[in-house]
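Predicted model only: the values in this text are computed from it and were never measured. One-based numbering, in listed order, for ligands and for the atoms of each.
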Amino acid sequence: MRKKIVAGNWKMNMELAEGLKFASELDAYFKEKPAAAGVVLCTPFIHLAGAADILKGGNVALGAQNCASEPSGAYTGEVSPAMIRSAGAAYVIIGHSERRTYYHEDNAILHRKTWLAIENGLSVIFCCGEVQHEREAGTHFDVVRTQLEEGLFSLPEDAFRKVVIAYEPVWAIGTGLTATPEQAQEMHLHIRTLVAGRYGRECADDMTILYGGSCKPSNAREIFSKPDVDGGLIGGASLKKEDFTAIVESI
Ligand code: PGA
């Protein structure tokens with residue numbers, strides 16, 4: 001069965017105490033008003049263990065925003081999927097465009113991270129999406145296809161079923177520009193068709209595909225109403241309780 005999800009991506013925001021306070025507020029909110037969608041908070045690493053304690057037994061799941069591509073050892077500054085899991089998180093975002101652009105993560109490394117995360121019991125929110133000049137050149141469907149083929153499609157089906165895909169057109173991230181609901185729908189349908197070609201119709205129908213990029217309370221309902229859009233990955237608007245809860249409730 002296809003699951004609806006709204007995930008907040010806090011990015012590099014909030015110091016420890018502030019983040020834990022925010023996690024407590026969201027935990028209390030969604031205990032009182034359980035959402036129709038799965039709610040996931042993807043926090044910086046330092047918040048994970050504390051937030052896991054707060055969210056335990058509630059209706060909000062926890063995720064990290066990145067992980068190492070190696071299981072353990074001499075990789076100064078890295079955090080492994082096993083460590084993330086041991087801190088109490090269930091999800092990890094892999095392949096966010098900020099990781100691809102600023103940290104030069106390519107599809108090969110993202111594939112390694114995805115494999116390792118799944119082997120260590122995490123579900124992966126795998127991001128894909130084109131930059132502005134690729135959309136203008138009309139190559140966006142090919143760009144996303146390559147990202148999925150190289151990043152994900154060598155996974156066996158049981159591992160692939162631990163993946164949620166997030167389509168995030170890079171030109172819409174943090175810019176205030178949003179893909180129109182029609183642009184989101186046509187790319188989500190393209191992604192689902194590619195998944196069906198690789199893993200079969202049933203797997204494609206079960207797959208959760210999120211939209212991300214300047215999602216806010218005023219546009220979420222219309223985007224989420226499209227048949228192939230199963231929720232959102234929310235950046236800026238996930239830092240404000242009223243905005244994030246309104247987006248979750250527009251599912
Ligand atoms: P935004 O970010 O909602 O601030 O555009 C989305 C994301 O990068 O996941």
Side-chain angles (χ1 to χ4, degrees), residues 4-14 19 22-23 26 37-45 47-48 60-67 89-105 110 113-114 117 122-132 134-135 140 143-144 147-148 151-152 163-181 183-184 187-188 191 208-224 226 229-251:
K4 305 266 185 196
I5 294 177
V6 178
N9 173 12
W10 290 4
K11 308 196 180 183
M12 195 172 72
N13 291 294
M14 291 197 281
F22 190 45
L26 291 172
V39 179
V40 184
L41 302 183
C42 296
T43 75
F45 291 129
H47 297 90
L48 288 177
V60 177
L62 184 64
Q65 301 169 13
N66 176 36
C67 67
Y91 287 85
V92 60
I93 297 173
I94 292 180
H96 193 280
S97 66
E98 288 148 18
R99 301 293 317 172
R100 292 177 188 263
T101 305
Y102 305 141
Y103 303 98
H104 313 293
E105 294 187 1
L110 298 174
K113 290 185 176 201
T114 300
L122 294 169
S123 294
V124 169
I125 300 174
F126 187 91
C127 302
C128 59
E130 78 287 357
V131 299
Q132 183 145 19
E134 292 165 336
R135 177 156 284 265
H140 44 294
V143 167
V144 168
Q147 289 171 339
L148 298 181
L152 288 180
V163 176
V164 169
I165 293 176
Y167 169 57
E168 300 205 307
V170 181
W171 47 270
I173 295 179
T175 57
L177 295 173
T178 318
T180 63
Q183 285 172 323
M187 184 60 87
H188 283 227
I191 291 170
T208 299
I209 307 176
L210 309 180
Y211 170 79
S214 298
C215 222
K216 37 189 187 261
S218 58
N219 60 25
R221 186 177 299 274
E222 213 190 331
I223 295 172
F224 294 168
K226 292 293 174 191
V229 179
D230 308 310
L233 180 56
I234 319 301
S238 76
L239 300 170
K240 288 196 205 111
K241 184 177 157 199
E242 294 68 31
D243 286 357
F244 186 61
T245 54
I247 293 171
V248 170
E249 282 161 1
S250 62
I251 278 272

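- Nearest protein heavy-atom neighbour of atom 4 (O) of ligand 1: Gly236 N, 2.8 Å.
- Polar contact with ligand 1: present for Gly235 (N/O pair, distance under 3.5 Å).
- Listed by first and then second residue, the side-chain hydrogen bond (donor to acceptor under 3.5 Å, both in side chains) pairs involving residues 240-251 are Tyr29-Glu249 (not counting sequence neighbours).
- Side chains of Ile165 and Leu152 form a contact here, defined as non-hydrogen atoms less than 4.5 Å apart.
- Summarising the contacts of atom 8 (O) of ligand 1 with Gln65, Lys216, His96, the nearest heavy atom is found in His96.
- The N/O atoms of Gly212, backbone and side chain alike, include none that comes under 3.5 Å of an N/O atom in ligand 1.
- Among protein heavy atoms, atom 9 (O) of ligand 1 sits closest to Glu168 OE2, 2.7 Å.
- Atoms of ligand 1 found under 4.0 Å from any heavy atom of Lys11, numbered from 1 in the order shown, are 2 (O), 7 (C), 8 (O).
- Nearest heavy-atom pair, Ile125 versus Ala166, reported as atom, atom and distance to 0.1 Å: CG2-CB, 4.0 Å.
- Heavy-atom proximity to Asn9, at under 4.0 Å, picks out these atoms of ligand 1: 9 (O).
- At under 3.5 Å, a nitrogen or oxygen of Gly174, whether backbone or side chain, sits near a nitrogen or oxygen of ligand 1.
- Considering both main-chain and side-chain atoms, Thr175 never comes within under 3.5 Å of ligand 1 through any nitrogen or oxygen pair.
- Lys4 meets the side-chain hydrogen bond (donor to acceptor under 3.5 Å, both in side chains) test with no other residue; sequence neighbours excluded.
- Between Val131 and Trp171, the shortest heavy-atom distance links the atoms C-CD1, 3.9 Å.
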